[in-house]
Amino acid sequence: MWGSLWRSIDRFSVQHFKYVINELRQIKVVDMNNRELVVDLLQSIVEIVTYGDRQDPVIFDCFMEYQVLAEFVRVLKIGRTSKIEAPLLQYLSIMIQNMGSEHAIYYCLSNDYINSIIEHEYEFDGGDLAPYYMSFLRAVSGKINRGTLCLLVRVNRDVVTSFPLYTEALKFAQHGEKMIQTAVRALTLNIYNVSDDMVYQFVTSPPVSKYFSDLVYSLRGKCIHLDSLVQATDETCTNERRKEILLESDKLVDDLYYFKDILSVGESCLTKVVNQNLLNLLVLPLLLPLQQLRQSNGFNLCAVTSLYIVSHLLVVVGGKNIINAVASVLLYPYMILSIRDTAKGETTNGSTHAKSFLNLLRDMEIMETFAPESEGYGNINVDHISEDGDVCKARNGILGYIFSDNPSLLLASLHLYLILAESKDLQYPLASLIGLHEMQDTTMNYSTSALPAVNDNILARLMPQVVNALLKVAASQPPFCALIQWHAGWFLRKLLLLERKALSDDHLRLFNISYQQSCERLRKELDGCWFDHILDTLSDELANCKTALEVQLQSKNPLFALELAVCQHTTVGNTTASNIGWQTMVDVVKVFILHLQLKAFIFKGDLLEKPLLDSLIGLPTDSVTSPSSNLTSASFGSEVFLGSGIPCRIAFSNAGIRDIYLIPTTKGVSGKAILAEKHPFRSQRGVVIAIAPLAGLSPKIDEDHPTWLHLRIRDFDPRSKASKTRGYNSNVSSAAVDGRWTLGFPSAKACETARLLILEETYKQRSFIKSLLAPLLQNNDLKNLSDGQAR
């Protein structure tokens with residue numbers, strides 16, 4: 001009998017569930033005194049309902065019979081000052097998320113209880129309620145389908161008049177917390193994917209459709225902020241600024257992917273609204289100023305930023321409407337002249353293009369944007385267009401940037417054209433003017449007999465000038481950064497593959513100049529402080545360059561346009577530090593490897609492989625990194641022979657003055673300066689206490705103390721992962737300072753002998769490396785090889 005009193009209560013029984021519900025019903029007001037009790041009751045109800053949905057249908061029958069959701073609504077109303085909203089919404093979210101049966105979901109969304117909870121007047125200011133509220137709304141949206149969506153909308157005569165789940169969520173669309181923004185976007189996509197015609201009509205009609213224009217205006221704001229960061233690099237650029245640019249770019253790309261998700265739903269009215277907002281509020285305001293067709297109306301972004309944003313929009317969002325609209329803007333100066341000639345009665349090859357162009361503009365509903373003077377879609381006022389008019393002056397439009405002295409503009413504009421030219425969504429006549437299919441003989445959806453000759457293709461006509469502009473980037477003096485030249489090399493190889501023709505004699509002469517300049521810069525680096533790492537760097541960068549030339553990374557990530565703009569204004573600080581010398585050497589090697597690869601491609605039709613490079617150098621693969629000499633392989637603490645050492649003294653800050661031996665030594669590509677302390681028991685042996693590379697020592701005798709020898713020690717470690725740069729000093733610290741050894745010798749003559757010995761061993765090492773690189777640096781005049789081009 002007494003044992004039964006201590007029997008544990010079955011928390012998931014129907015009897016206990018009814019008890020908890022009755023306890024909640026007896027609560028007449030919720031305040032800070034009973035708040036914890038109410039929270040416990042809510043938690044118990046949610047736990048039991050979740051269990052019953054999976055294990056015991058009787059529990060959920062009881063949930064419906066007692067109208068528990070109505071109790072939740074009542075608790076909200078009587079608990080305004082108790083801060084009960086957050087836990088109540090949290091437990092509701094958990095309950096809805098864990099519901100599996102369609103019957104339970106249907107009931108919960110019925111009777112307008114959910115809408116009552118959604119429309120409750122919450123106080124969001126200054127608290128943490130918003131995340132719980134949005135989590136609740138997102139949980140509800142995850143359970144809707146074509147059968148349950150009707151339970152959350154209010155309809156009058158087959159027209160949705162109210163949709164609280166959607167409209168209340170949109171109020172948080174521009175919330176500062178990323179998690180809340182993500183929840184809003186997930187919720188909206190859940191609703192769009194239900195495919196309900198009445199809901200589509202509701203979300204695409206004013207005032208609710210303002211959400212899409214607000215999205216684009218928000219995206220514009222991010223574009224403006226990104227542009228301000230890019231333009232702030234006109235004079236200088238720090239690593240912090242570069243990271244901020246990358247962060248802002250990521251935010252912009254997140255928005256673009258959200259637009260892509262919306263368009264992927266495939267609903268025509270939804271697609272139309274989104275495309276019109278993107279075109280009218282973003283794309284055209286970005287492109288028209290570049291075309292000099294219209295003022296930017298306050299949306300003044302620099303050309304590089306504008307080209308980057310449009311390119312990323314095409315890559316991420318794409319779609320026939322946007323692709324063809326952008327192409328229409330770019331080709332407008334060409335097409336409008338054909339329209340003028342057609343209006344004058346002249347018969348030209350472009351008349352068919354002009355008619356098709358007008359039809360295309362009309363279909364995309366952007367005719368008025370291009371021709372504000374026109375009196376209807378079919379009548380452009382050609383009287384306002386003359387040979388001396390604005391259109392004629394701007395006839396090259398954005399193509400003019402391809403011939404800009406600014407390589408960032410050149411490559412960014414060329415990249416945009418290649419994106420359009422390779423698009424399968426490009427329609428006639430745009431594809432016939434800019435598409436690469438004509439140059440590649442690719443089968444398109446429309447009849448090739450209707451296409452004009454290849455000579456009418458803009459890119460085909462301008463190809464020689466474009467190739468010449470890219471070669472000028474490679475031959476620039478002073479040279480552009482390695483990143484710019486690598487991207488120029490990618491575009492050059494891309495265009496040569498498309499054109500399938502050999503370089504002209506003028507182009508060969510220009511490439512020859514660039515190639516010889518690159519060789520000369522590498523020769524200078526062989527006299528620099530990092531000559532001992534040139535062979536390793538050549539081997540490493542060969543693979544990187546080959547990948548950069550073969551893989552179309554630019555098409556996947558138009559961010560390179562901003563990187564190019566940034567890299568032109570990067571500050572490098574102390575230009576005498578060895579870490580800056582390292583970066584300079586790496587950039588020179590990068591550019592030299594690029595020229596080697598382009599040379600191989602131009603004359604042999606293929607790119608170099610690492611084994612081929614090793615054979616050209618004439619060096620076994622393991623000889624660079626595996627020296628076998630006893631001295632050159634010495635390490636800290638090892639024993640060495642002191643026979644060739646020069647006695648001297650050195651003062652370490654933590655060990656005082658010590659008697660040591662200086663031993664410069666070279667074997668093959670390896671060279672070291674060793675400091676060894678005499679072994680206490682072995683007269684001809686010493687223990688290594690310090691090692692420095694011979695390269696970069698720059699031995700100098702102190703002017704005031706002729707027995708002192710100063711040696712510069714490279715503290716920068718190029719083998720560390722942090723030193724692997726991206727081509728524009730991204731990881732180089734301007735504050736780094738090289739170390740220094742000061743050695744004291746018994747006499748000035750001994751000091752001079754030590755200096756000469758270091759220079760002699762360094763000369764041996766440098767000469768050996770130069771001999772290995774001689775086959776690559778031989779003075780081949782490439783213009784004499786034009787007859788041997790395989791292309």
Side-chain angles (χ1 to χ4, degrees), residues 130 170-185 210-262 274 277-290 294-317 322 326 398 401 406 408-409 411-413 415-416 483 557-571 726 728 730:
L170 296 190
K171 295 178 181 179
F172 295 86
Q174 304 302 327
H175 197 278
E177 288 191 29
K178 180 66 175 178
M179 184 189 73
I180 293 180
Q181 287 188 24
T182 302
V184 173
R185 295 183 176 187
K210 185 176 180 292
Y211 170 61
F212 301 109
S213 61
D214 288 343
L215 277 177
V216 180
Y217 278 119
S218 175
L219 180 59
R220 280 176 55 133
K222 293 182 176 69
C223 295
I224 292 172
H225 182 52
L226 176 64
D227 182 64
S228 67
L229 295 175
V230 173
Q231 295 198 51
T233 65
D234 285 345
E235 297 180 358
T236 182
C237 179
T238 62
N239 285 334
E240 290 73 19
R241 177 65 54 77
R242 188 179 300 109
K243 291 177 182 178
E244 194 173 358
I245 288 175
L246 295 176
L247 179 62
E248 289 302 316
S249 175
D250 289 341
K251 293 179 181 178
L252 186 148
V253 173
D254 285 344
D255 286 359
L256 293 181
Y257 274 106
Y258 178 51
F259 281 112
K260 178 181 180 180
D261 291 338
I262 296 176
V274 173
N277 277 284
L278 282 173
L279 289 173
N280 295 329
L281 302 180
L282 182 67
V283 177
L284 296 180
L286 283 173
L287 290 179
L288 293 182
L290 298 181
R294 177 178 291 185
Q295 295 299 317
S296 63
N297 195 24
F299 195 32
N300 297 312
L301 272 61
C302 71
V304 169
T305 308
S306 298
L307 292 169
Y308 159 71
I309 294 169
V310 175
S311 297
H312 230 142
L313 179 71
L314 296 181
V315 170
V316 174
V317 180
I322 293 179
V326 171
I398 298 176
Y401 291 114
N406 185 334
S408 302
L409 285 176
L411 300 178
S413 56
H415 177 243
L416 176 57
L483 183 69
N557 183 14
L559 182 63
F560 85 97
L562 297 186
E563 292 178 337
L564 298 186
V566 168
C567 76
Q568 296 183 81
H569 307 288
T570 303
T571 56
R726 298 175 64 186
Y728 54 92
S730 59

Checklist line | Separation between OH of Tyr217 and CG of Asn277, rounded to the nearest 0.5 Å | finding: 8.5 Å
Check: Are the charged groups of Asp261 and Arg185 less than 4.0 angstrom apart, N to O?
Finding: no
Margin query: Would the distance check show the side chain of Arg220 and the main-chain N or O of Leu282 forming a donor-acceptor pair, the cut-off being under 3.5 Å?
Written below: no
Check: Can you check whether Leu215 reaches Tyr258 side chain to side chain, under 4.5 Å on heavy atoms?
Finding: yes
Notebook entry, point to check: Roughly how far, to the nearest 0.5 Å, is CG of Leu278 from CG of Leu284?
Noted result: 10.5 Å
Check: Shortest non-hydrogen contact from Leu314 to Val326?
Finding: CD2-CG2, 3.9 Å
Notebook entry, point to check: Asp254 and Lys178: which non-hydrogen atoms are nearest, and at how many Å?
Noted result: OD2-NZ, 3.5 Å
Next item on the list: State, to 0.1 Å, how close Ser311 and Ala412 come at their nearest heavy-atom pair, and which atoms those are.
Entry: OG-O, 4.4 Å
Next item on the list: May I ask you to test the Tyr308-Leu416 pair for a side-chain heavy-atom distance under 4.5 Å?
Entry: no
Margin query: Quiz question: by atom type and distance under 3.5 Å, do the side chains of Ser218 and Lys222 form a donor-acceptor pair?
Written below: yes
Notebook entry, point to check: Are Pro285 and Asn280 close enough that some pair of their side-chain heavy atoms sits under 4.5 Å apart?
Noted result: no
Check: At what distance, to the nearest 0.5 angstrom, does CG of Asn406 lie from CG of Leu411?
Finding: 9.0 Å
Notebook entry, point to check: With a 4.5 Å limit on heavy-atom distance, are the side chains of Leu281 and Ser213 in contact?
Noted result: yes
Margin query: Would you compute the distance between atom OG1 of Thr305 and atom CG of Leu252 and round it to the nearest 0.5 angstrom?
Written below: 10.5 Å
Note to self: Please check this pair: side chain of Asp227 against backbone of Cys302, looking for a donor-acceptor N/O pair closer than 3.5 Å.
What the structure shows: yes
Notebook entry, point to check: Between Phe259 and Val216, is any pair of side-chain heavy atoms under 4.5 Å apart?
Noted result: yes
Check: Do Glu244 and His225 have side-chain heavy atoms sitting under 4.5 Å apart?
Finding: yes
Notebook entry, point to check: Is Gln181 reaching over with its side chain to a backbone N or O of His175, donor-acceptor style, under 3.5 angstrom?
Noted result: yes
Item checked: Interatomic spacing from SG in Cys223 to CD1 in Ile309 - rounded to 0.5 Å -> 3.5 Å
Next item on the list: Find out whether Leu219 and Leu256 are in side-chain contact, i.e. whether some heavy atom of one side chain is under 4.5 Å from a heavy atom of the other.
Entry: yes
Notebook entry, point to check: So, for His312 and Val253, which heavy atoms are closest and what is the spacing to 0.1 Å?
Noted result: CE1-CG2, 3.4 Å
Notebook entry, point to check: Just how far is it from atom CD of Gln231 to atom CG of Leu226, taken to the nearest 0.5 Å?
Noted result: 10.5 Å
Notebook entry, point to check: Any donor-acceptor pair under 3.5 Å linking the side chain of Ser249 with the backbone of Ile245?
Noted result: no
